[in-house]
Amino acid sequence: MTLLSAPESATVEHELRGNILVVTIDHAPVNALNSVVRRGLIEAIDAAEVNPSVRAVLIVGAGRNFIAGADIREFGMPAQPPALPDVCNRIEACGKPVVAAIHGAALGGGLEVALASHYRIVVEGAKLGLPEVQLGLLPGAGGTQRATRLVGAESALSLMLSGRHVDAQEALRLGLVDRVGQSADVLNEGLAYAHELIATQAAPRRTRDARGLADQQASATAIAAARANTQKKTRGLLSPMKIIDCVAAAANLSFEEGLRFEREQFLECADSPQRAGLVHAFFAEREVQKSPETRAARSRPIRSVGVVGGGTMGAGIAVALLDAGLSVTMIERDGDALQRGRAHVEKVYDGLIGKGRLTQETKARALQCFHGDTSYDALADADIVIEAVFEDMAVKKAVFTELDRACKQGAVLATNTSYLDIDEIAASISRPHDVLGLHFFSPANIMKLLEVVVPPRVSADVVATAFDLAKKLRKVGVRAGVCDGFIGNRMLAVYRAAADHLMEDGASPYQIDKAVRDFGFPMGPYQVIDLAGGDIGWAARKRRALTRDPHARYVRISDELCERGWFGQKTGRGFYRYDEGARIGKPDPEVELIIATERERAGVAPRVFSDEQIVRRYMAAMINEGANVVHDGIALRPLDVDATLIHGFGFPRYRGGPMHYADTFGLDSVLADIREFAKDDPLFWRASPLLVELVARGANFASLNRAA
Ligand code: 3H9
């Protein structure tokens, strides 16, 4: 038995079982292919070649997975030999049959190791895929060449451009694997398959020689179709078009030339800021789950959940819970309201059925776990209750008084408020330690962000339960402190104000939207207002009117539109005009007239802004408030701000979030911009103390992520 290990306990063990060399990769938690594993694989194959007793090699993963891919933590670090493409080539070149036996994840480089093996068996529960595109990469260890030769251009493109995972049966159908094992025992299934191959004297069968590209016409058609679709869909992304180029190389070049081409393209992607942004986003999503409370306490059990309020938000939350397999009881004040609440829930499902994303049967199954009641007593057994009623302190307190009376001890009592003081709600009942905020984003069954708002008196296990719920709902839970707007909406208020200033100073809302879209957001701020309804922001502005600093600049353009009843898509006009039923608006000359009048009223001489100038101001405002949010302890780390903006506000993932983007842009440049803008409006453009401090120390936001 040979053992190769490193301080971080990665090992590749190989052991002769009869005439089969079993090679076990053990690198918790997901068997990522770091340099130790790569070296170990080569040594194992070398050992198999020289040992006359070995008739076949079986590669398996220890723990819950085969191999989840290259070790993402190594990206951006100095390369350590052997490179993964060389490992795969060594496996493929082995003179004895090599079998990969797959359970759990076989992703990216993990699937590439399997593709370089000569035979593949999977067990149920396995998920296979080439998700590199989601990290700004392409399969760079021969995956673009081998997958294409094995399953054909169309299937390979579909896998690599979506990054989706396929299950055991689909992998078999596609031809990615040779068979699905009868049992879940991956080692025994693999051994049985290897014995069978030895018995039938099966020779090494190399994927490089597979015939998936034999139909040249079909390959050319698939490549052309992918080019046309991808160009439109993946705005600004580097790796998708390169994946297609690699598939074209597979179709047109020799295997060796194809590998060389793939390597060049891979290295270009690996060096790109997009890769760095996407990898940052990957780790940020996982780090946010680790709050001090989740480290300190265990979650309370969650089986049944109550939702108070059957409006759009309550219904969306109910659907999110039902989709996670939880039992849901909705409370409304009377029978009619309850009926409307149920209708809202059904409407969400019907919308999905209409789009072909759901069947009637799935809807019926989900609704079996949905109950409604008009008495809070129906929540006596609920493990968590989420209140989603009207945003009014008195109304919320009345609900919480009822919850205090009716719910069992130990139930988590959550409010979905967007801005009300959760401390005050908690203080109004006898169990403030059970109260916290769960801030969902609309549509609640779709949006991935869930702000877990932590008031000072809440118990750690309540917070841990909220994160556990986020996981069950497949949402990204981000810990936030209590303040007006928490992390996301507090930042939104500031960068939207910056956009309003730009508009009054001379940029049209249409230019601002375009500049923001070109930066990578799916929509510009004025399109978002039109979509959400201008009346929502109007209500918030009226609410804040009394507390607003009278010296602060206030742009009235949105109010002017609202006073005309132009609330956006739902009223046919807002910043844009919408033809009957249209979701995409047209610029409106009347809006431009209103803006011109407001500029005059405010005594502003309009200026011309370039798109770049617009983005610099927009981003400076966002980054500065992000820094304030961290400085005030509302977000634990800059990465929590990044995850919030990516998952709740459409920030382009490939830019890693505003704080990561700020690091790449240079914090000194951001600060210089803010100081320049402050010459015109020193009140709005006050540099965050954290930003000033980091620049003075020559540090960046990433250093705070590492320190936390
Ligand atoms: C690639 O392969 C490039 C090659 O083509 C070419 C090379 C030349 N590396 O998600 P989880 C960590 S690119 C390092 O919470 P789950 C993760 O950070 C790669 N670490 O668990 C977390 O750490 P922590 C292509 C990794 O059960 C822990 O493992 N592969 C890696 O919900 C558990 O992760 C991918 O893109 C990695 N590759 O999901 C697959 N993967 O405990 C990426 C995970 O400290 N991974 N970690 O927070 C996944 O999709 C999911 O992690 C997986 C498990 C489905 C495997």
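Order of listing sets the numbers, starting from 1, for every ligand and every atom in it. Atoms considered below: every heavy atom in the structure, side chains included; atoms not considered: hydrogens, waters and symmetry mates. Since the structure is predicted, the reported quantities are computational estimates derived from the model, not experimental observations.
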Nearest protein heavy atom with distance in Å, relative to atom 52 (O) of ligand 1: Arg286 NH2, 4.0 Å
Out of Leu107, Asp86, Asn65, Leu267, the nearest non-hydrogen contact to atom 50 (O) of ligand 1 is supplied by Leu107
Locate the shortest heavy-atom distance separating Gln80 from Ser35; write the atom from each residue and the value. OE1-OG, 3.3 Å
Strictly inside 4.0 angstrom of atom 45 (O) of ligand 1, do you find any protein heavy atom? yes
Evaluate Ala141 for polar contact with ligand 1, using N/O atom pairs at a separation under 3.5 Å. no
Which residue supplies the protein heavy atom nearest to atom 29 (O) of ligand 1, what is that atom called, and how far is it? Pro29 CG, 3.3 Å
If you measure every N or O of Glu112 against every N or O of ligand 1, does any of those distances drop under 3.5 Å? yes
For His280 and Phe282, I'd like to know if the aromatic rings sit close, meaning centre-to-centre distance below 6.0 Å. no
Top protein contact for atom 27 (O) of ligand 1, by heavy-atom distance: Arg64 NH2, 3.7 Å
Indicate yes or no for a side-chain donor-acceptor contact from Arg179 to the backbone of Leu172 under 3.5 Å, with no hydrogens or angles considered. no
With a cut-off of under 6.0 Å to the ring centre and 45° to the axis, is Arg263 in cation-pi contact with Phe261? no
Numbering as shown, the atoms of ligand 1 that approach Asp71 to under 4.0 Å (heavy-atom distance): 9 (N), 14 (C)
Is it the case that the side chains of Glu262 and Thr144 hold a donor-acceptor pair, with the cut-off being a distance below 3.5 Å and no angle test? yes
Measure Ala32 to ligand 1 on non-hydrogen atoms and call it side chain, backbone, both or neither using the 4.0 Å cut-off. side chain
Does Glu451 use its side chain to pair, donor to acceptor, with the backbone of Val478 at less than 3.5 Å? no
Contact atoms of ligand 1, heavy-atom distance to Pro131 under 4.0 Å: 30 (N), 35 (C), 36 (O)
Near Phe283, which atoms of ligand 1 are under 4.0 Å from a heavy atom of that residue? 18 (O)
Would a distance-only check, ignoring hydrogens and angles, find a side-chain to backbone donor-acceptor pair under 3.5 Å from Thr294 to Ser291? yes
Under the 4.0 Å line, does any protein heavy atom show up next to atom 23 (O) of ligand 1? no
For the rings on Phe649 and Phe521, is their centre-to-centre separation under 6.0 Å? no
Is the positively charged end of Arg479 above the ring of Phe467, judged by distance under 6.0 angstrom from the centroid and angle within 45° of the axis? no
Atom 48 (O) of ligand 1: which protein heavy atom is closest, and how many Å away? Lys290 NZ, 2.7 Å
Considering only NZ, NE, NH1 and NH2 on the basic side and carboxylate oxygens on the acidic side, decide whether Lys242 and Asp245 come within less than 4.0 Å. no
Which ligand 1 atoms, with their elements, are less than 4.0 angstrom from a heavy-atom of Pro139? 5 (O)
Under 4.0 Å between a side-chain nitrogen and a carboxylate oxygen: does that hold for Arg205 and Asp178? yes
Is Arg260 salt-bridged to Glu257, going by a charged N under 4.0 Å from an acidic O? no
Among non-hydrogen protein atoms, atom 5 (O) of ligand 1 lies closest to Glu132 OE2, 2.5 Å
Would you please say whether a donor-acceptor pair under 3.5 Å links the side chains of His103 and Glu189? no
Relative to ligand 1, is Leu135 under 4.0 angstrom through side chain, backbone, both or neither, heavy atoms considered? side chain
Nearest protein heavy-atom contact for atom 38 (N) of ligand 1: which residue, which atom, what distance? Ala70 O, 2.9 Å
closest protein heavy atom to atom 41 (N) of ligand 1 is Val30 CG2, 3.6 Å
If you measure every N or O of Ala105 against every N or O of ligand 1, does any of those distances drop under 3.5 Å? no
Protein contact of atom 8 (C) of ligand 1 - nearest heavy atom, named by residue and atom, plus distance: Phe266 CZ, 3.6 Å
Which one of Gly108, Ala68, Cys269 has a non-hydrogen atom at the shortest distance from atom 30 (N) of ligand 1? Ala68
If only atom types and distance count, is the side chain of Asp71 paired as donor or acceptor with the main-chain N or O of Asn34 below 3.5 Å? no
Report yes if some N/O of Leu84 lies less than 3.5 Å from some N/O of ligand 1; otherwise report no. no
Give the atom numbers and elements of ligand 1 that come within less than 4.0 Å of a heavy atom of Gly69. 2 (O)
